[in-house]
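All values reported here derive from a predicted model rather than from experimental measurement. Atoms considered below: every heavy atom in the structure, side chains included; atoms not considered: hydrogens, waters and symmetry mates.
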Amino acid sequence: MSKSIGIALLGSGIVGEGVLRILDTQSDRFRDRYGIAFDVRHVVVRDPNKKRSFVVDHPVSTDAEKAIDDPSVQVVVELMGGVDRAGALIERALKLGKTVVTANKSLLAARGSELFSLARKHNAAIAFEASCGGGIPIIDALLRGLSANDIRALVGIINGTCNYILTRMTKSGLAYADALKEAQAAGFAEADPTLDVSGRDVAQKLALLAGLAFGSKFAESDMLIEGIDSLDARDIEFARELGYVIKLLAIAERNGKDEISLRVHPTLVHNTDVLAEVSGSFNAISVWGHALGHALFYGRGAGSSPTASAVVSDLISVGIGATKVVFDNLKVFPDTAKPAKLLPRDQIQSRYYLRLTAKDVPGVMARVTDILGKRGISLSAVLQREASEGEFVPVVITTHLAREGAIRQALTELNALEVIQSPTTCLRIIDQPKEFET
């Protein structure tokens with residue numbers, strides 16, 4: 001005999017429609033395999049008269065509060081997005097002891113600790129697989145699949161909009177503005193893409209993923225964040241000449257002193273690295289654990305069916321009882337995790353790519369290398385094209401490992417030189433950690 005679970009679905013956009021489609025078409029399999037019958041009691045929408053593609057047998061209304069309060073509803077699925085309205089409705093559901101399934105990473109990043117604590121107080125739970133990485137089951141992997149591992153690093157491409165834009169700039173030579181317009185026309189970018197291209201969307205996801213990976217609490221303010229909105233196509237071409245591809249990466253690392261650094265920025269990735277091949281709207285997340293070594297999670301990071309896949313996987317986990325057991329026993333959620341021990345930002349180490357616009361006169365490179373050398377920054381490569389003497393020309397420098405603080409101080413000095421046109425472009429280069437020895 002199947003266990004029936006009443007659902008109130010808040011929001012019926014492309015992800016909501018994808019959820020309904022999966023529940024409708026896979027109902028027999030869910031009964032046979034998991035012993036669960038999902039009963040969609042309410043579909044809450046803004047405009048009930050809007051034509052929709054999902055099966056119309058489901059009750060449609062505009063009254064979210066009534067749907068949440070219905071005693072026949074055990075699970076509330078929040079797919080509205082936003083913070084204020086969605087947050088108020090999730091609070092209402094949790095106070096009634098109802099489990100919440102959400103894809104709302106912005107809300108969880110802003111109010112996760114409060115909402116998780118509220119869920120615990122009322123014997124409820126929150127599931128959020130769809131909040132990071134689209135259909136990639138990275139949340140479940142961090143909570144359970146990789147639980148034997150002391151995780152040392154997490155590096156990922158977790159924004160499909162930015163990856164699509166960078167792919168088009170890299171493979172077709174488009175300028176940023178043209179690639180953005182194409183992404184908007186293709187439905188991969190919002191009319192206002194600020195959250196994505198500024199890096200904040202990635203930062204919100206990284207706060208959640210790093211929290212689970214390291215068992216600590218993080219916020220956007222803990223991170224170094226740079227977006228792709230000021231990226232110059234010339235740097236993509238220079239990176240190619242040096243053997244690199246530029247990706248917007250989320251990077252979380254823990255050093256030997258258990259200090260954690262979190263950063264989001266455009267990054268030069270060597271063209272032999274698997275992350276360099278992640279194109280279009282696909283996402284990929286690399287995780288390093290002390291026992292497993294390296295694991296890569298790859299898949300579609302956005303879209304109706306991939307994200308709906310993650311939502312429904314949470315519903316199944318709720319139905320079989322796994323969500324509540326994990327929620328009650330793991331001390332990695334924002335309300336129970338320990339405070340993070342953060343590495344000071346100026347102590348973060350990386351290799352760097354610098355593009356200076358320098359006057360081609362004798363002694364310039366000597367002055368540049370002197371400034372870098374005084375800060376303990378050594379060069380690994382220099383790339384300069386021929387030019388007429390006295391012209392300003394681009395000079396590309398890559399460095400060995402250096403500290404963020406030292407680079408910032410050097411940039412201030414470099415930009416003050418009369419032979420350098422400010423500002424100097426500074427990007428970071430990632431060298432993936434080597435596999436752990438067996």
Side-chain angles (χ1 to χ4, degrees), residues 11 13-16 18 79-83 103-110 128-136 138 155-209 220 223 225-233 235-236 239 245-251 263-269 275-286 297-311 427:
I14 60 170
V15 177
L79 299 176
M80 301 166 57
V83 174
N104 197 332
K105 87 290 178 176
S106 296
L107 175 62
L108 294 179
F128 51 102
E129 184 67 71
S131 64
C132 301
I136 302 172
I138 185 62
V155 177
I157 297 169
I158 51 178
N159 182 279
T161 297
C162 291
N163 203 48
Y164 179 89
I165 291 171
L166 291 175
T167 298
R168 297 296 293 141
M169 292 177 71
T170 300
K171 295 189 174 181
S172 299
L174 297 182
Y176 167 77
D178 294 329
L180 172 59
K181 288 179 182 177
E182 186 178 290
Q184 289 170 323
F188 290 118
E190 301 286 347
D192 180 1
T194 304
L195 184 65
D196 291 312
V197 300
S198 67
R200 286 195 61 221
D201 172 85
V202 174
Q204 291 170 356
K205 294 172 182 174
L206 182 59
L208 296 174
L209 293 175
E220 284 185 64
M223 305 181 200
I225 305 172
E226 295 176 8
I228 66 167
D229 40 355
S230 60
L231 189 64
D232 193 311
D235 295 310
I236 289 178
V245 174
I246 295 179
K247 296 291 186 182
L248 181 67
L249 293 187
I251 303 172
R263 46 199 171 108
V264 173
H265 48 64
T267 310
L268 275 72
V269 180
L275 291 179
E277 298 298 322
V278 180
S279 300
S281 63
F282 278 83
N283 283 193
I285 303 160
S286 288
F297 299 83
Y298 171 85
R300 293 195 179 274
S304 175
S305 292
T307 308
S309 168
V311 172
L427 300 173

Exercise for review: Determine whether Leu166 and Leu248 make a side-chain contact, defined as any pair of heavy atoms from C-beta on separated by less than 4.5 Å.
Suggested key: yes

Practice item. Indicate yes or no: at least one non-hydrogen side-chain atom of Val155 is less than 4.5 angstrom from one of Ile285. Key: no

Practice item. Taking all non-hydrogen atoms of both residues into account, name the closest pair between Gly303 and Val15 and its distance. Key: O-CG2, 4.4 Å

Study note, to complete from the structure: So CD1 of Ile157 and OG of Ser281: to nearest 0.5 Å the spacing works out to 11.5 Å

Review point. Okay, side chain of Ser131, backbone of Phe128: is any donor-acceptor separation there less than 3.5 Å?
Key: yes

Practice item. Would you confirm whether Ser198, through its side chain, and Thr194, through its main-chain N or O, come within 3.5 Å as a donor-acceptor pair? Key: yes

Practice item. Using the test side chain to side chain contact (heavy atoms under 4.5 Å, CB included), find all partners of Ala203 that sit at least two apart in sequence or belong to another chain. Key: Glu220, Met223, Ile225, Val264

Point to revise | Leu107 to Gly82 - nearest heavy-atom pair and separation | key: CB-O, 4.0 Å

**Study point:** Heavy-atom pair of closest approach, residues Pro306 and Arg300
**Key:** CG-CB, 3.7 Å

**Study point:** Sequence neighbours excluded, every pair satisfying salt bridge (charged side-chain N to carboxylate O under 4.0 Å, His left out) that has a member inside residues 175-197
**Key:** Arg168-Glu182

Study note, to complete from the structure: Heavy-atom closest pair (Ile246 atom, Ala239 atom, distance to 0.1 Å) is CG1-CB, 4.0 Å

Study note, to complete from the structure: When rounded to the nearest 0.5 Å, the distance separating CG of Asn283 from SG of Cys132 is 10.0 Å

Check your understanding: If only atom types and distance count, is the side chain of Lys205 paired as donor or acceptor with the main-chain N or O of Lys105 below 3.5 Å?
Key -> no

Review point. Atom CG in Asp235, atom CG in Leu268: separation rounded to 0.5 Å?
Key: 8.5 Å

Practice item. Grab the two heavy atoms, one from Gly135 and one from Ala310, that are nearest each other, plus how far apart they are. Key: CA-CB, 4.4 Å

Check your understanding: Taking the side chain as C-beta and beyond, is there a heavy-atom pair between Leu427 and Thr267 under 4.5 Å?
Key -> no

Point to revise | Verdict with reasoning, Val311 to Leu79, per side chain to side chain contact (heavy atoms under 4.5 Å, CB included) | key: CA-CA 9 Å; Val311 172; Leu79 299 176; 4.0 Å; yes

Check your understanding: Should Tyr176 and Val197 count as side-chain neighbours, where that means a heavy-atom distance under 4.5 Å?
Key -> yes

Point to revise | Sub-4.5 Å side-chain heavy-atom contact between Gln204 and Leu195 | key: yes

Review point. Would you say the side chain of Leu180 lies within less than 4.5 Å of the side chain of Pro193, judging by non-hydrogen atoms?
Key: yes

Practice item. Taking the side chain as every heavy atom from C-beta outward, state whether Cys162 and Ile228 have any atom pair closer than 4.5 Å. Key: yes

Check your understanding: Taking Thr167 for the side chain and Ser279 for the main chain, is one N or O donor matched with an acceptor at less than 3.5 Å?
Key -> no

Point to revise | Spacing of Asp201 atom CG and Thr161 atom OG1 [to the nearest 0.5 Å] | key: 7.5 Å

Point to revise | Any side-chain heavy-atom pair of Leu249 and Arg263 under 4.5 Å | key: no

Check your understanding: With no hydrogens and no angle check, is any side-chain donor or acceptor of Asn163 less than 3.5 Å from a backbone partner on Val278?
Key -> yes

Review point. Which heavy atom of Ser286 sits nearest a heavy atom of Leu275, and at what distance?
Key: OG-CD2, 4.3 Å

